[in-house]
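Below is one structure, written out as C-alpha cells; comments come after it.
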Amino acid sequence: MLKLWICGSNGQIGRALNDMLDPLEFEVFNSDKDEVDITSIEEVMSFGEVNRPDVIINCAGITHIDVCEDDPKLAYRVNAIGARNLAIIAAKINAKIVQLSSDDVFDGRSMDPYKEFDKTNPITVYGKSKLAGENYVKEFTSKHFIVRSTWVYGKGDNFVKSFLEKVEEGETIAVAADQFGSPTSANELAKFILYMIKTNEYGTYHATCTGTCSRYAFAKEILALSGKNVKLKAVPIKESDFAAVRPAYAVLDNFIMSIIEVYDFPSWKQALADYMMKGRQ
Ligand SMILES: NC(=O)c1ccc[n+]([C@@H]2O[C@H](COP(=O)([O-])OP(=O)(O)OC[C@H]3O[C@@H](n4cnc5c(N)ncnc54)[C@H](OP(=O)(O)O)[C@@H]3O)[C@@H](O)[C@H]2O)c1
C-alpha cells in the first residue's frame, strides 16, 4: 500500500483527491494548516519523519490573487517556502512529491496554448510565488511532479460556485469575453495525480481538461446545465462582475503527457456536466 500525505487537504484539490482515491490502494495522511503548517520546517520534518509517506502531494497554498497582492510575504511564505519545506523532507525520506502549480507562472500575453517548455513570466504576486515554489521543488528533489493547472473548480471557492450564487440573485451578470482558459474539474485533476504518482515519469506537466473557452462561454455552459435563466452580458475583463488581476490567456497545452502518451483528460464540457450532475456536494 502506498503511503500518501496530502497537505492542504481541506482545499478543493485536497478534497477531490480524498474523493477519488481508492482507500484499498493508499494509506492516507491528511493535514491542513491546523495539523501541519507547511511554512514551519520543524512541523514538516517532524510529521514526515514520523509517518514516512511514499508520496507527498502539496495542495496547500494561498490561492486568492488579491490576498497575495495585499500580503506578498504571506504568499511567498506559503507558496514558496512551504513548497521548499516539503521538498526538503521529501528528499530526506526519499518520497516522491507532487507540487500543484498554475498557469499564473505565465504572463497570459500569448495567443497560443502554453507548453511546459515555454518561458515563464509571472505578473502577479501569486504567480511569482508559485514559480518560486516550483523552483524550490526542482532544487531540492529529483522525484517530483510539478502539475500546473488552470480554472479549477471542485468543492470550495471557485468560479462555478460564485457564478451560481449570482444566478440566484437573479440579476444580469457581466462576464469577461476576452479572458480564455480551460475549465478543469478538481476531480479530473485528482485522477491524473493519482495515476501519475504510481509512475516514474517525473517532471513538469500541464494538466487541464481539453478545449478552450472564454469566461463568458464557460458561464453560458454552467447556466445551461443549471437549468436557470438569467441574462448574461459579454464584457471586457475590466467590466466583469468577477474582476481580478489575472492573466487574460490561461490556456495550457498538455504537451508532455501527450508526447509520452501517458494520460488523456476529458473535454471541459464533459467534466463540467459530470460536476453539475454529481460532483458539487
Ligand atoms: N484553484 C485553481 O484554479 C488552481 C489552478 C491551478 C493551480 N492551483 C493550485 O493548486 C493548489 C490547491 O488549490 P485549491 O484550489 O485546492 O486551493 P484551496 O481550495 O485554496 O486550498 C488550499 C488549502 O491550503 C491551506 N493552507 C493555507 N496555508 C497553509 C499552510 N501554511 N499550511 C498548510 N495548509 C495551508 C488552506 O487553508 P485555509 O483555507 O484555512 O487558508 C486550504 O485548505 C494550490 O497550490 C493552487 O495554487 C489551483
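For ligands, and for the atoms within them, numbers begin at 1 and follow the listed sequence.
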**Prompt:** Which pairs with one or both residues in residues 172-198 pass salt bridge (charged side-chain N to carboxylate O under 4.0 Å, His left out), sequence neighbours excluded?
**Reply:**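 Applying salt bridge (charged side-chain N to carboxylate O under 4.0 Å, His left out) to every pair that reaches into residues 172-198, excluding sequence neighbours, yields Glu25-Lys198, Glu188-Lys191.
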- request: Assert yes or no for the condition that the ring centre distance of Tyr263 to Phe265 is strictly below 6.0 Å.
  value: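 Yes, they do, as the ring centres are separated by less than 6.0 Å.
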**Ring centers of His144, Tyr136 separated by less than 6.0 Å** =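 Aromatic pair excluded; centres sit 6.0 Å or further apart.
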Under 6.0 Å from the ring centre and within 45 degrees of the ring axis: does the NZ or CZ of Arg215 meet both conditions for the six-membered ring of Phe159?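 Relative to the ring axis of Phe159, which defines the angle, Arg215 lies inside both limits.
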Write none if no such pair exists; otherwise list each N/O atom of ligand 1 with its protein N/O partner under 3.5 Å and the distance.
{"unit_1": "ligand 1", "atom_1": "3 (O)", "unit_2": "Val152", "atom_2": "N", "d": "3.0"}
{"unit_1": "ligand 1", "atom_1": "15 (O)", "unit_2": "Gln12", "atom_2": "NE2", "d": "3.2"}
{"unit_1": "ligand 1", "atom_1": "16 (O)", "unit_2": "Gln12", "atom_2": "N", "d": "3.0"}
{"unit_1": "ligand 1", "atom_1": "16 (O)", "unit_2": "Ile13", "atom_2": "N", "d": "2.8"}
{"unit_1": "ligand 1", "atom_1": "19 (O)", "unit_2": "Gln12", "atom_2": "N", "d": "3.0"}
{"unit_1": "ligand 1", "atom_1": "20 (O)", "unit_2": "Thr63", "atom_2": "OG1", "d": "2.7"}
{"unit_1": "ligand 1", "atom_1": "24 (O)", "unit_2": "Gly61", "atom_2": "N", "d": "3.2"}
{"unit_1": "ligand 1", "atom_1": "31 (N)", "unit_2": "Asp37", "atom_2": "OD1", "d": "2.9"}
{"unit_1": "ligand 1", "atom_1": "32 (N)", "unit_2": "Ile38", "atom_2": "N", "d": "3.1"}
{"unit_1": "ligand 1", "atom_1": "37 (O)", "unit_2": "Asp32", "atom_2": "OD1", "d": "3.1"}
{"unit_1": "ligand 1", "atom_1": "40 (O)", "unit_2": "Lys33", "atom_2": "NZ", "d": "2.6"}
{"unit_1": "ligand 1", "atom_1": "41 (O)", "unit_2": "Lys33", "atom_2": "NZ", "d": "2.6"}
{"unit_1": "ligand 1", "atom_1": "43 (O)", "unit_2": "Gly11", "atom_2": "N", "d": "3.4"}
{"unit_1": "ligand 1", "atom_1": "43 (O)", "unit_2": "Asp32", "atom_2": "OD1", "d": "3.3"}
{"unit_1": "ligand 1", "atom_1": "43 (O)", "unit_2": "Asp32", "atom_2": "OD2", "d": "2.8"}
{"unit_1": "ligand 1", "atom_1": "45 (O)", "unit_2": "Lys130", "atom_2": "NZ", "d": "2.6"}
{"unit_1": "ligand 1", "atom_1": "47 (O)", "unit_2": "Tyr126", "atom_2": "OH", "d": "2.6"}
{"unit_1": "ligand 1", "atom_1": "47 (O)", "unit_2": "Lys130", "atom_2": "NZ", "d": "3.0"}

Q) Does Phe145 have any ring-ring contact (aromatic ring centres under 6.0 Å, His included) partners at least two apart in sequence or in another chain, and if so, which? A)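 Expected list: Tyr202.
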> By ring-ring contact (aromatic ring centres under 6.0 Å, His included), which residues pair with Phe47, not counting sequence neighbours?
Replying inline: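 If we apply the ring-ring contact (aromatic ring centres under 6.0 Å, His included) test to Phe47, skipping adjacent residues, the hits are Trp5.
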